[in-house]
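In what follows, a structure is listed as structure tokens, so that the remarks can point back to it.
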2 protein chains.
Amino acid sequence: MAVTIKDVAREANVSPSTVSKVMNHSPSIPERTVKHVQEVMERLHYFPNLQARNFVRKTTRNIAFVTRLEPHIAFANPHMFDILCGVQEVLARKDYNLSIVGIHDLSESMATVERIIAQKSADGIVVHGSATTRDLTNLLIESKFPHILIGKPNFESQVCWIDTNNFISGQIAARHLCECGFKKIAFLGGTREDKIFTQRLNGFLSVMAEKGLNVPDEFIQYGDTSSECSFGLMNKLLACSVRPDAVICEDNTVAFGAIRSIHQHSLKMPEDIALICFDNYPLSEIMDPMPTVVDINVNDMGMQAATLLLRKIKNPELQVQTFTTLPVLKIRSSTRPCGTASAAPGKKPAKNI
Amino acid sequence: MAVTIKDVAREANVSPSTVSKVMNHSPSIPERTVKHVQEVMERLHYFPNLQARNFVRKTTRNIAFVTRLEPHIAFANPHMFDILCGVQEVLARKDYNLSIVGIHDLSESMATVERIIAQKSADGIVVHGSATTRDLTNLLIESKFPHILIGKPNFESQVCWIDTNNFISGQIAARHLCECGFKKIAFLGGTREDKIFTQRLNGFLSVMAEKGLNVPDEFIQYGDTSSECSFGLMNKLLACSVRPDAVICEDNTVAFGAIRSIHQHSLKMPEDIALICFDNYPLSEIMDPMPTVVDINVNDMGMQAATLLLRKIKNPELQVQTFTTLPVLKIRSSTRPCGTASAAPGKKPAKNI
DNA sequence: TGAATTTGAGAAATCGATTTCCTAAATGTG
DNA sequence: CACATTTAGGAAATCGATTTCTCAAATTCA
């Protein structure tokens, strides 16, 4: 049997209440008693039973991370794990536990969260965008259960969320290129309907307008985000009457196709044409040249989400609604000649499990 | 206040014991009482307090997943999250909770696990290779705490682990190439000291010996696993007096460099030269041609790990030591002409978070 | 010195389930 | 019909902490 508070009490010749008070730093226990009891606790290798403690305190010290989880999801979304790491990091510091709650289908998310709330199996919930539904947000609001969504929902809601600022991402990309001296900048690769793409594009255009730089219609090329498609789009761009001297790509894959086209035209990067893209995936680290990227700092986003959530748990009155994080620029050789590049050294994937 | 067992008992005109017995399917409760009580539970929206239940039952229904966790770890190891998904999947089915316990440094793993065991904050532990130390395995063995390591430790130990079979990976790669009719097969990209590389190489060689096929020394090229290095190695291979008609690459990055070299030599794949590599990373899905891979089914490995662990928790007498999973072959166009390929359709990374 | 106040620590209730008796009623048996 | 045997369900202890209330001892103050 494990050592309990009673064992410590008996051994220290005090009552269980006193031991409890020592553990909880009650002011009514004088220094010498504290020391004595702590000594006994140490000697008996006493660890308080967390279950008993949480049970009586009516807390769980646990945060649920609700997300869609499927085999090979790391392929479909390498961001998710980084977010998770950020959340875990902050929770661990405050002695909170993080538990993963996976759903397979959006239709499960409602029931899953209902159960968490009803059974009080967590003190708070982080809901990943992949598990967000309208019903779910309503439930979270009505139940007043501490929560935060990762990713702004695509509908109006009073729910609490955190997301990155795509408009600013577009601005950052544009500003960087302008600072490097490029003026004829093209934008490559999303579909007109895609909100994220549109926001980035608008951010880009706002900077161009601000600087008084012209963006001809043909400099904005829509398409899907496959590398084949972007290869074709880039060929088109390079055939324009006025050739762009820089291109912003919607993501790594798009950039990959674009670079292939640029190589085929025997153009030098960044001298003849510079390239910048959004997001930073492992792929970018083996591309030649390594592309400058505007990255969502997803790890930081996870940390912020956790911080906000904990604050809300501590202070339920708090009415934080939404939060936006700033993207970060990683300058690499596709916009700066080698040598001047301040590239973060890439780690290559470990082959072991 | 939440509804408790007493509220249900009062409303149903029975005692709390009866309600408890209904929940636990005790045989001494007749059908009509069961129905009546269940009806009341439903009506009152009663959910048993899990903390109270686990407390008295002396279980946690929680499994700790101990691993090194750092920002951008998804970059360094895309496998980890897939393993996690597999573990979670199986645990959820059995109503177990999965909680992530991250460490930053190997030196923390011992203390971390000690605490989990002492505080009984989990019923079992999964330790990822990145957190495995000799001390830790000793602790797990001595404490008889239910556990399983992901990845065979690189030292002798009685600890319980699960891993993939690299020797068989090598065999699978070789067999597949032989079946496709290739006979002059080269092996590209690891360092002599790397155990995994050596095992794969030996698996390959064993098949070649079995088939009576010769492997000239120059067909085995050692190097680091960068794509630059493998580009050079592949150039060397293609300059051999007898040119190989197939090449096995140590990983995706190696394959990436090798393919670049093959393209530069204007060779057709797989007609002039076939290529196969180990592991399946997102990179492989945008390579041209898409490479056939021998993949560790890490998701399945996570599932098996969880299954074994749960079995051990249920039956502590069980003396399972080690477990090995079989790699899977994903045939794509680098070894089979298009059309005959049975490639799994690749999902491209989602750009949203 | 005696009264008032502060301090230190214990007794007992509590949290919400489970589980072990135990008993009354129902049923079966000779 | 009397007695033995099931059956159904309740009373109460329990798990290991926390917390409130209480009180004796120590200290301060007039």
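In what follows, chains are A, B, ... by sequence order, proteins preceding strands, each numbered from 1. Computed over heavy atoms, backbone and side chain alike; hydrogens, waters and symmetry mates excluded.
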Quiz item: Does B:R115 CZ have over 12 foreign heavy atoms under 6.0 Å away?
Solution: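 Count not over threshold, so no.
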
Quiz item: Are there more than 12 heavy atoms of other residues, nucleotides or ligands under 6.0 Å from atom NZ of B:K312?
Solution: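 Enclosed.
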
Self-check item: First of A:V19 and A:K6 reached from the 5' end of DNA chain D, by closest nucleotide
Solution: A:K6

Report the distance from atom [atom1] of [X] to atom [atom2] of [N], rounded to the nearest whole Å.
X      : N      : atom1 : atom2 : answer
A:N54  : C:dA17 : CG    : P     : 16 Å
B:I5   : D:dC15 : CD1   : P     : 18 Å
B:Q51  : D:dC15 : CD    : P     : 19 Å
A:Q119 : C:dG16 : CD    : P     : 15 Å
A:M23  : D:dT18 : CE    : C1'   : 9 Å
A:N49  : C:dC15 : CG    : P     : 19 Å

Quiz item: Does B:V22 offer a backbone N or O that forms a donor-acceptor pair with the side chain of B:S26 under 3.5 Å?
Solution: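 Not a single qualifying donor-acceptor pair exists.
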
Would you say [N] has OP1 or OP2 under 4.0 Å from some side-chain N or O of [X]?
X     : N      : answer
A:K58 : C:dG16 : yes
A:Y46 : D:dA17 : yes
A:R57 : C:dC15 : no
B:N24 : C:dT18 : yes

Self-check item: Nearest-nucleotide pick for A:S20, side chain only, options being D:dT18, C:dA17, C:dT18
Solution: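 Among the listed nucleotides, the one closest to the side chain of A:S20 is D:dT18.
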
Practice problem: Tell me which nucleotide among D:dG16, C:dA17, D:dT18 gets nearest to the side chain of A:R53. | Solution: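 For A:R53, the side-chain atoms sit closest to D:dT18.
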
Practice problem: Output the distance between atom CD (B:E89) and atom NE2 (A:H104), rounded to the nearest 0.5 Å. | Solution: 3.5 Å

Are [X] and [Y] close enough that a side-chain donor and a side-chain acceptor fall under 3.5 Å?
X      : Y      : value
B:S20  : B:S17  : no
B:T112 : B:S109 : no
B:N62  : B:N97  : yes

Pick out the pairs of N or O atoms, protein on one side and nucleotides 4-14 of chain D on the other, that lie under 3.5 Å.
from	atom 1	to	atom 2	distance (Å)
D:dG9	OP1	B:T33	OG1	3.2
D:dG9	OP2	B:T33	OG1	2.8
D:dG10	OP2	B:S15	N	2.6
D:dG10	OP2	B:S15	OG	2.9
D:dG10	OP2	B:T18	OG1	2.5
D:dG10	O6	B:K21	NZ	2.6
D:dA11	N7	B:S17	OG	3.4
D:dA11	N6	B:S17	OG	3.0

Tell me which donor-acceptor pairs under 3.5 Å the side chains of residues 31-51 of chain B have, and how far apart each pair is, sequence neighbours excluded?
from	atom 1	to	atom 2	distance (Å)
B:R43	NH1	B:E11	OE2	3.1
B:N49	OD1	B:Q51	N	2.8
B:N49	OD1	B:A52	N	3.0

Exercise. Let me see the working for B:D105 and B:S107 under side chain to side chain donor-acceptor pair (under 3.5 Å), right down to the final yes or no.
Key: CA-CA 5 Å; B:D105 191 278; B:S107 64; 2.9 Å; yes

Quiz prompt | the helix from C:dT1-D:dA30 to C:dG30-D:dC1: angle between end helix axes, five pairs per end, rounded to 10 degrees | solution =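 Nearest ten degrees gives 40° for this helix.
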
